[in-house]
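First the structure, in the form of structure tokens, and then the observations on it.
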Amino acid sequence: MSVVTRFAPSPTGFLHIGGARTALFNFLYARHHGGRYLLRIEDTDRQRSTAEAIDAILDGLAWLGLEGDAPPVYQSQNAARHAEVAERLLAEGAAYKCYLSAEELDAQRKAARAEGRPMRIVSPWRDRDPADAPEDAAPVLRIKMPQDGETRIQDEVQGEVTIGHQQLDDFVLLRGDGSPTYMLSVVVDDHDMGVTHVIRGDDHLTNAFRQHHLYKACGWEPPSFAHIPLIHGPDGAKLSKRHGALGVDAYREMGYLPEALKNYLLRLGWAHGDDEVISEAQAVEWFDLPGVGRSAARFDFKKLEHLNGHYLREAEDARLTEAVIERLSRDIPVDDAGRARVAAGMAGLKTRAHTLAQLAQDARFYLERPQFPLDNPKAEKLLQGGGAAVARGAGEALAELEDWTEEALEAQLRAFAETHGLGFGKVAQPLRAALTGSNASPGLFELMVILGKTEVLARLLETPEH
RNA sequence: GACCCCUUCGUCUAGUGGCCUAGGACAUCACCCUUUCACGGUGAAGACACGGGUUCGAGUCCCGUAGGGGUCGCCA
């Protein structure tokens, strides 16, 4: 039987980093086994689901290249089918109408907790004559779960997990208004979509037991389950808004490349020996469930950043130029000449940055002259104590230069340093500051060639006294 | 509270009873390269949570303790 996996987010917010990893694993597993990877939007909670969230999730997946092999299924559209299955269960005696009130439910839970028992609802309506039902109440439909014994599940990540049936209560299939609950919908949809492997966060582990019995009640074969550990924040606690539970769009905005984020997420909880930098093709070839770890992992921005730097260096200059111009043009005008400079300088720029945001910042000097006094205190300091004079002096020395090439520039500047009795660094750093407004930049001669003689002379000669 | 899961360097992890005086990566520190930064190179420091077993031999198997996480909705 061919593998079918699915990623099934509920559209109550953006696609967060844990969801992205779950999608990745489902995608990789399907690809590795030559199967299909599907998407399903779990929007059965009409109150909390929003169109914006759906767009955000789909956008996030598209950016990561994790779109499904078929258009997404919208769970809410299958409500009639879900109800039909529930009615069938009722007719077969595998489910019953329960008239317990909210107060009675609450009292049961309180009592269970007080007595140290599992918090399980026991409905008298399971065995009571439906004829006793109150007239005006809208009942929920509950499934009849086994009451004795235990259930064992062979989870592909967690291994063998067993739970006693005292833990499992008769959960609700259909609400008072006749709408299906999540528990019913997932099972019916997964079955209808032919899902063979359910790979999801391990916060769903206990649901697997409920769903297992629902499959059985329906007369269907349960899929195999794989519950992957959750991602924690840097402090080991649950991921919060503050440190990582951001939408993938936030990572995009911070300047991470999708391939870097995927590589990072892949290594979080999964390993293939000592391999760290893994291409998508290799990931497809190597990924499998036995390689997934069982413990939660903390999110580490430093490592993501390192990986991002790697992929930045590997990326095509044209792609990077495009991204940088897009960012820069948000607040400064970019003309064709400026764009050409950024493109020409990209090779020298990209080896130094770790995110697109940094890359854009580093490329800024190709588009606008430094504003004095400089924001960068280290650069400002380089121009003090004679630095500015060195820059102007070098500007004058360069005015004569005909051959505006890296070689000629270097020869001229080294000669300049020598005649002034200065180490080359004492000349290069003030020039760097005057030309780029920073103490760190691509190679001096390289950027001088790209900036062009006119611009270089202008910046050097106009360096104000410090 | 009940139940389930987890526990190797600061972090992500390799490790499936002897190959482990525990390997790699990020981060840290030092040095090298060098016009700066980044890259790269070399090296250093750094972990099997604890306690019992099983075994000729345990990071690897079993039990317990501690710590962490998850779940207990007419949410998903």
Side-chain angles (χ1 to χ4, degrees), chain A residues 8-12 42-45 47-49 75 98 100 102 105 109 112-121 138-142 155 158-159 161-164 166-169 171-177 179-183 185-186 201-207 209 227 229-230 232 234 236-238 264 267-277 290 293-307 309-310 313 348-354 358 362 378-379 382 410 413-414 417 423-429 431-433 436 438-445:
Chain A
S10 62
T12 52
E42 312 245 293
D43 55 350
T44 50
D45 184 344
Q47 309 304 345
R48 299 202 300 157
S49 300
Q75 190 157 66
C98 170
L100 245 25
L105 256 23
R109 290 193 186 100
R113 189 182 179 111
E115 293 166 33
R117 287 186 284 112
M119 285 195 276
R120 187 174 81 115
I121 296 302
V140 299
L141 199 67
R142 287 183 187 275
D155 189 277
Q158 303 294 337
V161 186
T162 305
I163 202 170
Q166 322 72 40
Q167 305 297 326
L168 271 19
D169 61 6
F171 59 91
V172 174
L173 260 19
L174 249 29
R175 301 188 181 99
D177 65 1
S179 64
T181 60
Y182 159 81
M183 213 62 75
S185 300
V186 244
D202 74 10
D203 50 340
H204 282 286
L205 183 57
T206 52
N207 286 336
F209 293 90
H227 291 91
L230 269 14
H232 288 171
K238 210 167 162 182
Y264 178 71
R267 281 289 290 104
L268 214 52
W270 176 86
H272 181 268
D274 285 339
D275 295 300
E276 295 286 348
V277 175
R294 273 169 295 274
S295 57
R298 301 186 189 202
F299 195 89
D300 179 15
F301 272 100
K302 287 290 188 188
K303 191 157 183 178
L304 204 212
E305 223 171 77
H306 175 264
L307 235 19
H310 169 84
R313 268 171 265 133
L349 251 15
K350 71 180 182 183
T351 60
R352 296 172 163 79
H354 288 98
Q358 287 168 14
D362 295 349
K378 286 182 182 169
L382 288 170
E410 174 159 12
L413 253 15
R414 286 198 186 276
F424 186 67
K426 291 292 180 193
V427 172
Q429 282 305 77
L431 288 207
R432 190 184 311 281
T436 71
S438 171
N439 61 314
S441 79
L444 199 53
F445 314 121

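Numbers restart at 1 for each chain; the letters A, B, ... are given by sequence-line order, proteins then strands.
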Handout entry: Under 5.5 Å and under 30°: A:His227 stacked on B:G70
Key = no
Exercise for the section: Could you give the distance separating B:C39 and B:C26 at their C1' atoms, to the nearest angstrom? Expected result: 16 Å
Fill in the blank from the handout: Rounded to whole Å, the CG-C1' distance (A:Asp300 to B:U11) equals 5 Å
Exercise for the section: May I ask which nucleotide in the shown strands pairs with B:G67, Watson-Crick or G-U wobble, both distances under 3.5 Å? Expected result: B:C6
Practice task
Assign A:His272 to base, sugar-phosphate, or nothing according to its heavy-atom contacts below 4.0 angstrom with the strands shown.
Solution key: nothing
Exercise for the section: Report the nucleotide, chosen from B:U13, B:A76, B:C26, that has the shortest atom-to-atom distance to any side-chain atom of A:Asn207. Expected result: B:A76
Exercise for the section: Would you kindly check whether a donor in the side chain of A:Arg352 faces an acceptor in the base of B:U36, or vice versa, at under 3.5 angstrom? Expected result: yes
Problem - A:Thr181 and A:Thr44: CA distance, side-chain angles, deciding distance, side-chain contact (heavy atoms from CB on, under 4.5 Å) verdict - result: CA-CA 7 Å; A:Thr181 60; A:Thr44 50; over 6 Å; no
Practice task
Check whether the side chain of A:Arg298 and the base of B:U11 form a donor-acceptor pair under 3.5 Å.
Solution key: no
Problem - Nearest-0.5 Å distance, CG of residue A:Leu304 to CG of residue A:Leu268 - result: 9.0 Å
Completion exercise
Whole-Å distance, A:Leu230 CG to B:C6 C1', equals 12 Å
Problem - C1' atoms of B:C19 and B:G59, separation to the nearest Å - result: 15 Å
Practice task
Indicate, with a heavy-atom threshold strictly under 4.0 Å, whether A:Phe445 touches base, sugar-phosphate, or nothing.
Solution key: base
Hey, what are the protein-to-nucleotides 1-5 of chain B N/O distances that come in under 3.5 Å?
| from | atom 1 | to | atom 2 | distance (Å) |
| --- | --- | --- | --- | --- |
| B:G1 | N7 | A:Arg113 | NH2 | 3.4 |
| B:C3 | O4' | A:Gln167 | OE1 | 3.3 |
| B:C3 | O4' | A:Gln167 | NE2 | 3.4 |
| B:C5 | O2' | A:Gln158 | OE1 | 3.1 |

Practice task
Evaluate the ring planes of A:Phe424 and A:Phe445, with Trp represented by its six-membered ring, and classify them as parallel (under 30°), tilted (30 to 60°) or perpendicular (over 60°).
Solution key: tilted
Practice task
Determine the interatomic distance between P on B:G67 and the same-named atom on B:A49; round to the nearest Å.
Solution key: 16 Å
Exercise for the section: Give the rounded distance in Å between these two atoms: CG of A:Leu307 and P of B:C26. Expected result: 10 Å
Fill in the blank from the handout: Closest of B:G70, B:A14, B:C12 to the A:Ala271 side chain is B:A14
Exercise for the section: Report the distance from atom CD of A:Glu305 to atom C1' of B:U11, rounded to the nearest whole Å. Expected result: 15 Å
Problem - Heavy-atom check, side chain of A:Pro11 versus side chain of A:Ser49, under 4.5 Å - result: yes
Problem - Between B:G73 (C1') and A:Arg142 (CZ): distance, integer Å - result: 10 Å
Handout entry: Criterion side-chain contact (heavy atoms from CB on, under 4.5 Å) on A:Val186 and A:Asn207, from CA distance to verdict
Key = CA-CA 11 Å; A:Val186 244; A:Asn207 286 336; over 6 Å; no
Practice task
May I ask you to say what A:Val172 touches in the nucleic acid, namely base, sugar-phosphate or nothing, with a heavy-atom cut-off under 4.0 Å?
Solution key: sugar-phosphate
Exercise for the section: Would you kindly compare A:His354 and A:Glu410 by the position of their nearest RNA chain B nucleotide and give the one closer to the 5′ end? Expected result: A:Glu410
Fill in the blank from the handout: Atom NE2 of A:His310 and atom P of B:A38 are separated, to the nearest Å, by 19 Å
Exercise for the section: Could you give the distance separating B:C12 and B:A47 at their P atoms, to the nearest angstrom? Expected result: 16 Å
Practice task
Determine the Euclidean distance between corresponding P atoms of B:C48 and B:G23; express it in Å to zero decimal places.
Solution key: 13 Å
Fill in the blank from the handout: Checking B:C26, B:G23, B:A76 against the side chain of A:Asp274 (C-beta onward), the nearest is B:G23
Exercise for the section: Round to the nearest Å and state the distance from A:Tyr182 atom OH to B:U71 atom C1'. Expected result: 12 Å
Exercise for the section: Please report the C-alpha distance between A:Glu305 and A:Gln358 in whole Å, then the side-chain angles of each, then the deciding distance to 0.1 Å, and finally whether the side-chain contact (heavy atoms from CB on, under 4.5 Å) criterion is met. Expected result: CA-CA 11 Å; A:Glu305 223 171 77; A:Gln358 287 168 14; 4.2 Å; yes
Exercise for the section: For residues A:Gln158 and A:Arg294, determine if any side-chain heavy atom of one lies less than 4.5 Å from a side-chain heavy atom of the other. Expected result: yes
Fill in the blank from the handout: Among the nucleotides B:U35, B:C12, B:A14, whichever has the atom closest to the side chain of A:Glu276 is B:C12
Handout entry: B:G46 versus B:G24 - spacing of their C1' atoms, nearest Å
Key = 14 Å
Problem - OP1 or OP2 of B:A38 under 4.0 Å from side-chain N/O of A:Thr351 - result: no
Exercise for the section: Check every strand shown and say whether A:Leu413 touches a base, only sugar-phosphate, or nothing at a heavy-atom separation below 4.0 Å. Expected result: nothing
Practice task
Could you tell me whether A:Gly443 contacts a base, only the sugar-phosphate backbone, or nothing, with contacts defined as non-hydrogen atoms closer than 4.0 Å?
Solution key: base
Fill in the blank from the handout: Against the side chain of A:Met183, the closest entry in B:A76, B:U71, B:U35 is B:A76
Practice task
Would you indicate what A:Gly176 reaches in the nucleic acid, counting non-hydrogen atoms under 4.0 angstrom: base, sugar-phosphate, or nothing?
Solution key: base
Practice task
Flag the pair A:Val172 / A:Met183 as yes when at least one side-chain heavy-atom distance between them is below 4.5 Å, and no otherwise.
Solution key: no
Exercise for the section: Report yes if a side-chain nitrogen or oxygen of A:Arg267 is closer than 4.0 Å to either non-bridging phosphate oxygen (OP1 or OP2) of B:U13; otherwise report no. Expected result: no
Handout entry: Who pairs with B:A25 - Watson-Crick or G-U, where each distance is under 3.5 Å
Key = B:U11
Completion exercise
Scanning all shown strands, the Watson-Crick or wobble mate of B:C37 with both distances under 3.5 Å is none
Fill in the blank from the handout: Assert: residue with more 5' nearest nucleotide on RNA chain B, out of A:Ala428 and A:Cys98, is A:Ala428
Handout entry: Check: B:C39 base within 3.5 Å donor-acceptor of A:Arg313 side chain
Key = no
Practice task
Classify the ring geometry between A:His272 and A:Trp270 as parallel (under 30°), tilted (30 to 60°) or perpendicular (over 60°).
Solution key: parallel
Problem - Same-atom distance (C1') from B:C20 to B:C9, integer angstrom - result: 15 Å
Practice task
Dump the intermediate steps for side-chain contact (heavy atoms from CB on, under 4.5 Å) on A:Glu276 and A:Lys303, then the final yes or no.
Solution key: CA-CA 11 Å; A:Glu276 295 286 348; A:Lys303 191 157 183 178; 3.3 Å; yes
Problem - Whole angstrom value for the distance that separates P of B:A25 from CG of A:Leu268 - result: 18 Å
Completion exercise
Taking a pair to mean Watson-Crick or G-U wobble geometry with both distances below 3.5 Å, B:G1 pairs with B:C72
Fill in the blank from the handout: Picking from B:A76, B:A27, B:C74, the nucleotide nearest the side-chain atoms of A:Lys302 would be B:A27
Handout entry: A:Arg142 side, atom CZ; A:Phe171 side, atom CZ - distance, nearest 0.5 Å
Key = 10.5 Å
Practice task
Scan A:Leu444 against the nucleic acid and name what it touches under 4.0 Å (heavy atoms): base, sugar-phosphate only, or nothing.
Solution key: base
Handout entry: Same-atom distance (P) from B:A44 to B:U54, integer angstrom
Key = 39 Å
